[in-house]
K.L.:
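Quick one: this structure, given as structure tokens, is what I'll be asking you about.
Reckoned from all heavy atoms, side chains included, excluding hydrogens, waters and symmetry mates. Below, chains carry the letters A, B, ... as their sequence lines are ordered, and counting in each starts from 1.
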2 protein chains.
Amino acid sequence: MKNKSNLNINQFLKHISLDCVVFGFHENQLKVLLLRMKKTQEWALPGGFVQEDESMELAANRVLKVRTGLDHIFLNQFHVFSDPERSNINPAVPDVLEFGITFNDADWFNQRFISVGFYALVEFSLVQPKPDLLSDICEWISLDEIGSLMMDHRQILDKALETLRLQLVFQPIGYNLLPEKFTMPELQKLYETILGKELDRRNFQRKILAYNIISKLDEVRQGVPHKAPSLYRFNPENYQKALNEGLGGKW
Amino acid sequence: MKNKSNLNINQFLKHISLDCVVFGFHENQLKVLLLRMKKTQEWALPGGFVQEDESMELAANRVLKVRTGLDHIFLNQFHVFSDPERSNINPAVPDVLEFGITFNDADWFNQRFISVGFYALVEFSLVQPKPDLLSDICEWISLDEIGSLMMDHRQILDKALETLRLQLVFQPIGYNLLPEKFTMPELQKLYETILGKELDRRNFQRKILAYNIISKLDEVRQGVPHKAPSLYRFNPENYQKALNEGLGGKW
DNA sequence: CAAGCAATGTGTCGTATTGACGCAATGATA
DNA sequence: TATCATTGCGTCAATACGACACATTGCTTG
């Protein structure tokens, strides 16, 4: 039973959804990809549903491919949001009714959803944001400019950030967020933004270099004021090794 | 539409299940609560489904209350298992048909499930294991005696253990696994079992004491061979503080 | 019943890690 | 050409960590 829109809800599992917190880094700021809902003008995380033959991970990849144009995105599930009240106030329903979608579809959106949260780390410049059926805008918003979001999406975002901070302590971060070549101050700013606090420039460099996950290049960044900083790039082998084995693993 | 058994599947959300890895510590061994399926004799994790008005956490608590007799169990979700093939080989179906359950119920068990994995830490001696409708045995099995499990439950167990190991590095563990009073060697053995490697007795004590989460008592363990070890107990306030703020948090 | 012994309680020492900070070099800016 | 923000490199003390020594306790055993 198809419907007028290009969204065929009948191929999706009931009660289950996913929401993605897509992190990017640009102009020394951590940004998140958000959608603005047509009807309510509320901002929301990109999300979607699960087809009958795909895993949650595949579904998240499929959703993000449409939303960003990217394939093989670095993705991690971090929490399941299952408060029975979380979707009671779903404001998407009036939207649905306005855009040529049948009442059966409104029922679909009105049901209770248990949502699996994913966070994604992507290289900002590669993303081509595309709104979905219910939104008119899809764009990057700086972390400190994000106010309240639709439903419990603010809570999902906060939990993603908290998870990312914990990961940072025992796993390398940056390979998926920075361009191939980057400077030490840029990498440091990324860490500072995620952690939400300032770090000592010299101690940071010492620690990062000790991990052996980045290599210094024979180039400097051009066209910047003051002294030109050296460029670095990640060492894929050691980075992967650090991902598997952890960094400062105590005990 | 009720059925003959005391399991009313109609109150549950379709496609969604949960599985619990319940850890206990006894006789210096880490144990997991397992069920043996009546029909196939395979071992399985305790699990269940989600009612229409409860969160995943509430559902997990409800399931474990029945299975262990305990309330307010320390519970954490750790991963969602959503491989479309994971429940194709569900061996519970023949069981279901044999125990007076209607064919509609067999359909229920035959559907695809996305399962949220929880791990629980409980005090061994407080648990009163009870089998469920499809199992004849519910008991503690030592970690190193666990072979293959039903469906993907072995994979779920392994992931739970991996998560527990990571938690151990930056969060205190033990309050929920040990009796009120315990000895330093017991606590160390718990850490060693979870980490899967031996630790230096003296360095372990120094490190643990530095966290200020346990207090030494004016008692020693009675009736043990050789020198009687002192008893300790967790300091609830500092333990909770460490849970929130983390332990050796780098950066 | 005393010597032996296994396990516990306490401390040391060299090394590595960390946090705080100094200072010279660079290169655009004024 | 002098200035100055920023980068690159280094120092030092405090702390944490791993490896190990030694004394103590109290059951075990000859």
K.L.:
Could you work out, with salt bridge (charged side-chain N to carboxylate O under 4.0 Å, His left out) as the rule, every residue matching A:Lys159, not counting sequence neighbours?
P.N.:
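Not a single residue meets the salt bridge (charged side-chain N to carboxylate O under 4.0 Å, His left out) criterion with A:Lys159.
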
K.L.:
Using whole Å, what does the distance between atom P of nucleotide C:dG9 and atom CD of B:Glu186 come to?
P.N.:
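My rounded result for the distance is 11 Å.
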
K.L.:
Quick one: side-chain hydrogen bond (donor to acceptor under 3.5 Å, both in side chains) partners of A:Asp158, sequence neighbours excluded?
P.N.:
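Partners of A:Asp158 under the side-chain hydrogen bond (donor to acceptor under 3.5 Å, both in side chains) test: A:Arg154.
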
K.L.:
Report the distance from atom CD of A:Glu198 to atom P of D:dT6, rounded to the nearest whole Å.
P.N.:
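Those two atoms, CD and P, are 13 Å apart.
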
K.L.:
My understanding is that only residues two or more places apart in sequence, or in another chain, count here; which of them pass side-chain hydrogen bond (donor to acceptor under 3.5 Å, both in side chains) with A:Arg202?
P.N.:
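By the side-chain hydrogen bond (donor to acceptor under 3.5 Å, both in side chains) rule, A:Arg202 matches A:Asp200.
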
K.L.:
Please state whether the phosphate of D:dC17, meaning OP1 or OP2, lies under 4.0 angstrom from any side-chain nitrogen or oxygen of B:Lys207.
P.N.:
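Answer yes for this pair, as a side-chain N or O of B:Lys207 is under 4.0 Å from OP1 or OP2.
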
K.L.:
Only counting residues at least two apart or in another chain, list the ones meeting side-chain hydrogen bond (donor to acceptor under 3.5 Å, both in side chains) with A:Asn176.
P.N.:
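Partners of A:Asn176 by the side-chain hydrogen bond (donor to acceptor under 3.5 Å, both in side chains) criterion come out as none, since no residue qualifies.
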
K.L.:
Run through DNA chain C and report every stem of 3 or more consecutive Watson-Crick or G-U pairs, distances under 3.5 Å, ordered by first number.
P.N.:
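Counting only runs of 3 or more consecutive pairs, the stems involving DNA chain C are C:1-30 with D:1-30.
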
K.L.:
Does A:Thr183 have a side-chain nitrogen or oxygen under 4.0 Å from the phosphate oxygens OP1 or OP2 of D:dT7?
P.N.:
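A:Thr183 to D:dT7 OP1/OP2: no side-chain N or O under 4.0 Å.
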
K.L.:
To the nearest angstrom, how far is B:Ile214 atom CD1 from C:dG9 atom P?
P.N.:
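One finds 11 Å between P of C:dG9 and CD1 of B:Ile214, rounded.
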
K.L.:
Considering just the side-chain nitrogens and oxygens of B:Lys216, establish if one lies under 4.0 Å of OP1 or OP2 belonging to C:dT10.
P.N.:
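Indeed, a polar side-chain atom of B:Lys216 lies that close.
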
K.L.:
Rounding to a whole Å, what distance do you find between A:Ile208:CD1 and C:dT17:C1'?
P.N.:
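Taking CD1 of A:Ile208 and C1' of C:dT17, I get 15 Å after rounding.
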
K.L.:
By side chain to side chain contact (heavy atoms under 4.5 Å, CB included), which residues pair with B:Gln205, not counting sequence neighbours?
P.N.:
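If we apply the side chain to side chain contact (heavy atoms under 4.5 Å, CB included) test to B:Gln205, skipping adjacent residues, the hits are B:Met184, B:Leu209, B:Tyr232.
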
K.L.:
Just checking, any donor-acceptor pair under 3.5 angstrom between side chains of B:Ser82 and A:Ser55?
P.N.:
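There is no such pair between these side chains.
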
K.L.:
Check the distance between C:dA28's C1' and A:Gln222's CD and give it to me in whole angstrom.
P.N.:
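Rounding to the nearest Å, CD of A:Gln222 and C1' of C:dA28 are 13 Å apart.
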
K.L.:
Among pairs that include at least one residue of residues 160-183 of chain A, which meet salt bridge (Lys or Arg N to Asp or Glu O under 4.0 Å), considering only residues two or more places apart or in two chains?
P.N.:
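Passing the test, one end in residues 160-183 of chain A: A:Glu180-A:Arg233, A:Lys181-A:Glu219.
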
K.L.:
Rounding to an integer number of Å, can you tell me how far A:Arg221 CZ sits from D:dT6 P?
P.N.:
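In whole Å, D:dT6 P lies 16 Å from A:Arg221 CZ.
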
K.L.:
Whole-Å distance between D:dT6 C1' and A:Gln205 CD?
P.N.:
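Answer to the nearest Å: 13 Å.
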
K.L.:
Starting at the 5' end of DNA chain D, which residue's closest nucleotide do you reach first, B:Val224 or A:Ala228?
P.N.:
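Comparing both residues, the 5'-ward one is A:Ala228.
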
K.L.:
Please table the atom pairs, donor to acceptor, closer than 3.5 Å between any side-chain atom in residues 221-230 of chain A and protein atoms at least two apart or in another chain.
P.N.:
unit_1   : atom_1 : unit_2   : atom_2 : d
A:Arg221 : NH1    : A:Glu186 : OE1    : 3.2
A:Arg221 : NH1    : A:Glu186 : OE2    : 2.3

K.L.:
Using atom names, set out every protein N or O paired with an N or O of nucleotides 20-24 of chain D below 3.5 Å, distance rounded to 0.1 Å.
P.N.:
unit_1 : atom_1 : unit_2   : atom_2 : d
D:dC20 : N4     : B:Arg202 : NE     : 3.2
D:dA21 : N7     : B:Arg202 : NH1    : 2.8
D:dA21 : N6     : B:Arg202 : NE     : 3.4
D:dA21 : N6     : B:Arg202 : NH1    : 2.6
D:dT24 : O2     : B:Lys227 : NZ     : 3.3

K.L.:
Examine A:Phe124 together with A:Phe25 and report whether their ring centres are nearer than 6.0 Å.
P.N.:
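No.
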
K.L.:
According to a strict under-4.0 Å criterion, is B:Ser230 in side-chain N/O contact with OP1 or OP2 of C:dG9?
P.N.:
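It does, given that an N or O in the side chain of B:Ser230 lies less than 4.0 Å from OP1 or OP2 of C:dG9.
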
